[in-house]
Amino acid sequence: MLEQLPPNQRLAAPGKFPLVGEKSPRIDSAPWTLSVIGLVSAEKTFTFKDLNSLPQSVLEVDIHCVTRWSILGAQFTGIELSRVLEVADIKPEAKFVSFIARSDRSHSSSLPLKDAIDLGAFIAFTYGGKPLPTEHGGPMRLVVPGRYFYKSVKWLERIELLAEDKLGFWEAESGYHNHADPLAEERYIASNIDPKKLKKLLGVGLIEGQTILSLQAERLNLSVLRAEGAIIRNANFKHAQLKLANFNNANLSNADFSYANCHSVTFRDADLEGANFEGADIQEAIFSGASLFGTTFFTQETGAGAIVDETTVFDVASFEKLAPEQAEYLLTHDIEVIPTLPRSG
Ligand SMILES: Nc1nc2c(c(=O)[nH]1)N[C@H]1C(S)=C(S)[C@@H](COP(=O)(O)O)O[C@H]1N2
Ligand SMILES: [Mo]
């Protein structure tokens with residue numbers, strides 16, 4: 001276990017195990033099985049009984065979600081992945097392993113086979129001494145120590161051995177980093193846009209609908225920026241001038257707005273999970289409909305809070321997602337919380 005949190009992670013509220021991604025497995029009446037397929041001498045399907053006859057062990061592990069919450073010393077019981085692979089007899093050409101969920105989108109994630117073994121990837125059946133709750137991947141999920149939690153596939157159904165890597169769902173669809181080491185802060189792949197094009201777009205202040213990962217906009221003057229519907233995960237807007245910018249419907253997960261001027265910015269229906277507003281001016285800013293899971297407006301350690309008052313608008317649904325100390329900070333500054341409106345369209 002680590003003595004310290006990896007960079008830019010915070011502890012989840014005590015006793016809380018946040019729910020991320022898919023909420024339930026595929027509806028299927030067939031009994032649960034786990035199959036090992038691909039580059040093995042003979043594909044093998046385990047029933048619960050088969051799995052129970054393998055040696056069980058305890059895994060104490062630190063969980064680090066890419067949206068910045070961590071749980072230290074989580075306790076799982078189950079089976080080491082290496083035990084299951086031993087039984088399946090994998091071929092020497094197998095170099096990668098893909099983990100596939102029993103879910104509607106056949107959610108997956110992958111690892112180099114060597115990393116899966118060296119890190120001690122684990123198939124968990126219980127959490128905190130109780131059967132793993134369904135929403136957290138019960139009856140069985142993968143747990144990968146030493147990687148962001150998106151590598152830990154819930155409702156594990158198939159383990160596929162491969163010669164070449166097959167990118168997982170988040171890695172392929174959302175630009176999540178395929179290596180995912182929290183200590184190296186490998187959250188997202190680097191910027192994906194030509195720097196000249198980006199400079200031009202920012203120069204005219206128009207990035208509506210663009211996908212720009214890991215945008216570097218520290219201290220830039222971007223007032224009245226039009227960024228509606230843009231996908232700008234992991235952006236750095238520290239100390240940026242963003243007065244009157246429009247981020248409605250934008251995906252700004254993990255964006256750093258610390259000490260930025262966000263006066264009169266609209267964040268309607270934006271994804272702000274893991275975003276940071278400490279020291280930012282958010283007077284007259286609008287957050288109604290925004291997704292605020294793990295959003296920071298106030299940091300206890302530094303005591304730095306957003307500049308906020310009764311002109312800052314939230315709505316009930318978005319406000320409820322905030323961690324208690326965040327909500328309390330905002331409430332003591334008299335923010336306005338309006339009723340949640342039904343979404344149009
Ligand atoms: N099947 C499946 N597994 C998944 C996901 C998902 O969407 N579907 N999301 C991943 C992500 S991003 C995280 S952080 C963890 C969340 O697990 P939890 O909901 O138990 O906290 O599951 C991972 N495994
Ligand atoms: Mo995650």
Side-chain angles (χ1 to χ4, degrees), residues 5-6 8-28 32 34-35 59 61-78 81 97-111 116 119 121-128 130-160 166-182 185-189 233-234 251 253-254 271-275 291 293-295 321 323:
L5 286 169
N8 296 309
Q9 291 293 118
R10 280 177 289 116
L11 286 180
K16 281 271 152 58
F17 188 175
L19 197 59
V20 182
E22 294 177 296
K23 310 271 183 278
S24 52
R26 188 176 71 233
I27 297 170
D28 189 334
W32 204 285
L34 176 63
S35 300
L59 178 71
V61 67
D62 298 335
I63 297 175
H64 306 297
C65 176
V66 72
T67 61
R68 300 182 193 276
W69 56 266
S70 294
I71 295 174
L72 301 184
Q75 294 244 0
F76 294 94
T77 63
L81 175 74
V97 53
S98 172
F99 302 95
I100 304 146
R102 178 157 154 164
S103 74
D104 285 337
R105 64 179 181 217
S106 296
H107 187 94
S108 70
S109 190
S110 70
L111 290 169
L119 293 166
F122 193 88
I123 300 164
F125 306 110
T126 77
Y127 171 74
K130 298 199 190 76
L132 193 60
T134 306
E135 67 272 23
H136 288 301
M140 64 181 82
R141 79 175 298 162
L142 188 71
V143 177
V144 183
R147 291 291 177 262
Y148 283 121
F149 208 34
Y150 56 85
K151 292 288 176 185
S152 296
V153 168
K154 302 193 272 192
W155 316 295
L156 186 62
E157 184 180 42
R158 274 176 291 150
I159 299 172
E160 186 177 12
K166 194 186 272 181
L167 279 188
F169 179 87
W170 295 117
E171 294 88 337
E173 302 284 318
S174 302
Y176 281 37
H177 200 295
N178 197 29
H179 194 246
D181 179 357
E185 231 192 324
E186 294 168 331
R187 293 178 201 274
Y188 295 100
I189 51 170
R233 287 195 183 82
N234 224 33
N251 187 322
S253 53
N254 291 335
D271 183 341
L272 288 166
E273 295 192 3
S291 183
F293 194 87
T295 311
K321 300 267 168 52

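Order of appearance sets the numbers: ligands from 1, and atoms from 1 within every ligand.
- Within 4.0 Å of ligand 1, the residues that place a heavy atom are Phe17, Pro18, Leu19, Val20, Gly21, Glu22, Cys65, Trp69, Ala101, Arg105, His107, His136, Arg141, Phe149, Tyr150, Ser152, Val153, Lys154, Trp155, Trp170, listed by chain and number.
- Pairs engaging residues 18-27 under the side chain to side chain donor-acceptor pair (under 3.5 Å) rule: Glu22-Ser103, Arg26-Asp28, Arg26-Glu157 [sequence neighbours left out].
- Lys154 meets the salt bridge (Lys or Arg N to Asp or Glu O under 4.0 Å) test with no other residue; sequence neighbours excluded.
- Neither side chain, Glu273 nor Ser253, offers a donor N or O lying under 3.5 Å from an acceptor on the other.
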Trace of the ring-ring contact (aromatic ring centres under 6.0 Å, His included) decision for Tyr176 with Tyr148
CA-CA 10 Å; Tyr176 281 37; Tyr148 283 121; 8.7 Å; no
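- Scored by the salt bridge (Lys or Arg N to Asp or Glu O under 4.0 Å) test, Arg233 finds no partners at all (sequence neighbours excluded).
- Relative to the six-membered ring of Trp32, Arg141 misses at least one condition, a distance below 6.0 Å or an angle of at most 45° to the axis.
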